[in-house]
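Taking it in order: structure first as structure tokens, then the write-up.
All ligand and atom numbering here is 1-based and tracks the order in the structure. Keep in mind it's a predicted model, so treat the numbers as computed, not measured.
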Amino acid sequence: MKVGIIGAGSVGAATAFALVMKGVARKVVLIDANQKKAEAEAADIAHAAPFAYANKIKAGTYDDLKGCEIVIVTAGANQKPGETRIDLLGRNVKIFESIIPQIAKAEPNTTLIITANPADIMTEVAIKLSGFPKERVIGSGTVLDTSRFRTLLGYHLGVSPQSVHANVIGEHGDSEVLVWSAGDAGTVSLDKLAEEVGKPFNAETKAKIDDGVRNAAYKIIDGKGATYFGIAGALTRICAAITNNEYAILTVSSHQEDVEGVKGVCVSLPTVLGKRGVHKVIYPVLNTEEKAALKKSAEAMKEYSDQALAMISAQ
Ligand code: NAD
């Protein structure tokens with residue numbers, strides 16, 4: 001599979017490295033406004049590739065996207081300490097206006113994966129700017145947040161995070177919803193297993209895990225300036241699901257017709273992914289509190305998406 005990555009910054013470079021070292025992509029094209037940076041990252045990763053797979057990675061131009069099954073868009077401003085993802089909106093809409101039409105022209109049959117923040121809103125912006133069918137414009141969404149949730153649950157319960165089935169849905173950001181009610185490990189509910197291992201969940205432990213998931217990026221950015229390994233893992237997983245036509249269920253973001261009464265908005269829900277991109281969205285069974293939280297999250301995304309789409313048509 002050939003993958004294009006727009007933006008060879010922290011996220012783009014880490015993702016290219018992960019795709020190459022896992023053998024998910026056989027050809028990777030890195031494009032960045034800073035051509036020298038794209039070339040340097042491509043060369044550095046190319047020197048690691050022979051230790052893994054016979055892959056080719058190079059810096060390129062939009063014309064080189066021809067034949068890419070997937071194009072990942074990471075180009076954009078990233079959060080500075082103290083900034084929310086929403087604070088990036090205006091700057092990243094402008095960047096998308098310059099890059100999305102060029103991708104669509106170079107490879108009209110590709111699937112776009114949007115990861116620049118605020119990712120859900122930028123996915124809506126990319127749908128409009130590309131003119132692509134909605135199922136082929138996917139946000140990396142809460143795939144990373146779901147991994148953070150499973151990791152902390154696995155540590156708490158003393159089982160592999162891969163054996164924990166629990167999801168984060170809604171916005172990739174402050175209003176995201178941790179679905180505690182439907183989680184399980186080994187067919188046993190999270191609450192029951194926590195009791196069995198002698199570490200029952202109480203309000204305090206749940207709040208601590210919630211904070212560890214919801215505020216993970218803020219803490220990592222405070223410590224090292226950016227997050228990139230986690231999202232690189234998430235993007236590599238999404239690419240594998242698409243290229244292998246897996247029908248895997250991942251909490252990517254895509255355009256939903258109706259989320260708790262909110263019409264036409266991109267948020268993450270459990271989604272079946274394969275060659276065509278989004279094959280099906282599985283609407284989760286939620287308790288009253290989670291439903292209300294999802295509605296609030298979708299309302300926030302709708303409000304900001306409308307603002308972002310208005311910025312485009314204002315041009
Ligand atoms: P970065 O600053 O390291 O890299 C961004 C790159 O984009 C730079 O190399 C820059 O030259 C390039 N760029 C800017 N404008 C461009 C244009 N018009 N055309 C081509 N390239 C252009 O930032 P980063 O840490 O890699 O983060 C990138 C984005 O990803 C940010 O918006 C960040 O918030 C987001 N992010 C999302 C997630 C997620 O889970 N969705 C996780 C981490 C970061």
Query raised in the report: What do you reckon, does Ile99 have a nitrogen or oxygen under 3.5 Å from a nitrogen or oxygen of ligand 1?
Result: no
Query raised in the report: What atoms of ligand 1 come closer than 4.0 angstrom to any heavy atom of Thr227?
Result: 42 (C), 43 (C)
Query raised in the report: Does a side chain donor of either Arg150 or Asn167 reach within less than 3.5 Å of an acceptor in the other side chain?
Result: yes
Query raised in the report: So, Thr111 side chain and Gly277 main chain: donor-acceptor pair closer than 3.5 Å or not?
Result: no
Query raised in the report: Quick one: does His172 get an N or O within less than 3.5 Å of an N or O on ligand 1?
Result: yes
Query raised in the report: Between the side chains of Tyr283 and Asp258, does any donor sit under 3.5 Å from an acceptor?
Result: no
Query raised in the report: Side chains of Thr123 and Ser253: is there a donor and an acceptor less than 3.5 Å apart?
Result: no
Requested in this report: Tell me yes or no: between the side chains of Gln256 and Ser254, is some donor less than 3.5 Å from an acceptor?
Outcome: yes
Query raised in the report: Which of the atoms in ligand 1, numbered in the order shown and given with their element, are less than 4.0 Å from a heavy-atom of Ser98?
Result: 18 (N)
Query raised in the report: Quick check: does Asn117 get an N/O under 3.5 Å from an N/O on ligand 1?
Result: yes
**Report entry** Nearest non-hydrogen protein atom, atom 28 (C) of ligand 1
**Finding:** Thr74 O, 3.0 Å
Query raised in the report: Evaluating non-hydrogen atoms only, which member of Leu235, Asn78, Leu144 is closest to atom 24 (P) of ligand 1?
Result: Asn78
Query raised in the report: Taking distance alone, with no angle check, do Thr115 and ligand 1 share an N/O pair under 3.5 Å?
Result: yes
Report task. Compare Ala8, Gly7, Ala77, Ala216 and give the one whose heavy atom is closest to atom 31 (C) of ligand 1. Result -> Ala77
Query raised in the report: Should the pair Phe201 and His156 be assigned to parallel (<30°), tilted (30 to 60°) or perpendicular (>60°) ring geometry?
Result: parallel
Report summary line: When distances are taken from atom 22 (C) of ligand 1, the protein heavy atom at minimum range is Ala75 CB, 3.6 Å
**Report entry** Proximal candidate to atom 16 (C) of ligand 1 [heavy atom criterion; set Ser10, Ala33, Ala13, Pro118]
**Finding:** Ala33
Query raised in the report: Regarding Thr251 and Ser268, is there a side-chain donor-to-acceptor distance under 3.5 Å anywhere?
Result: no
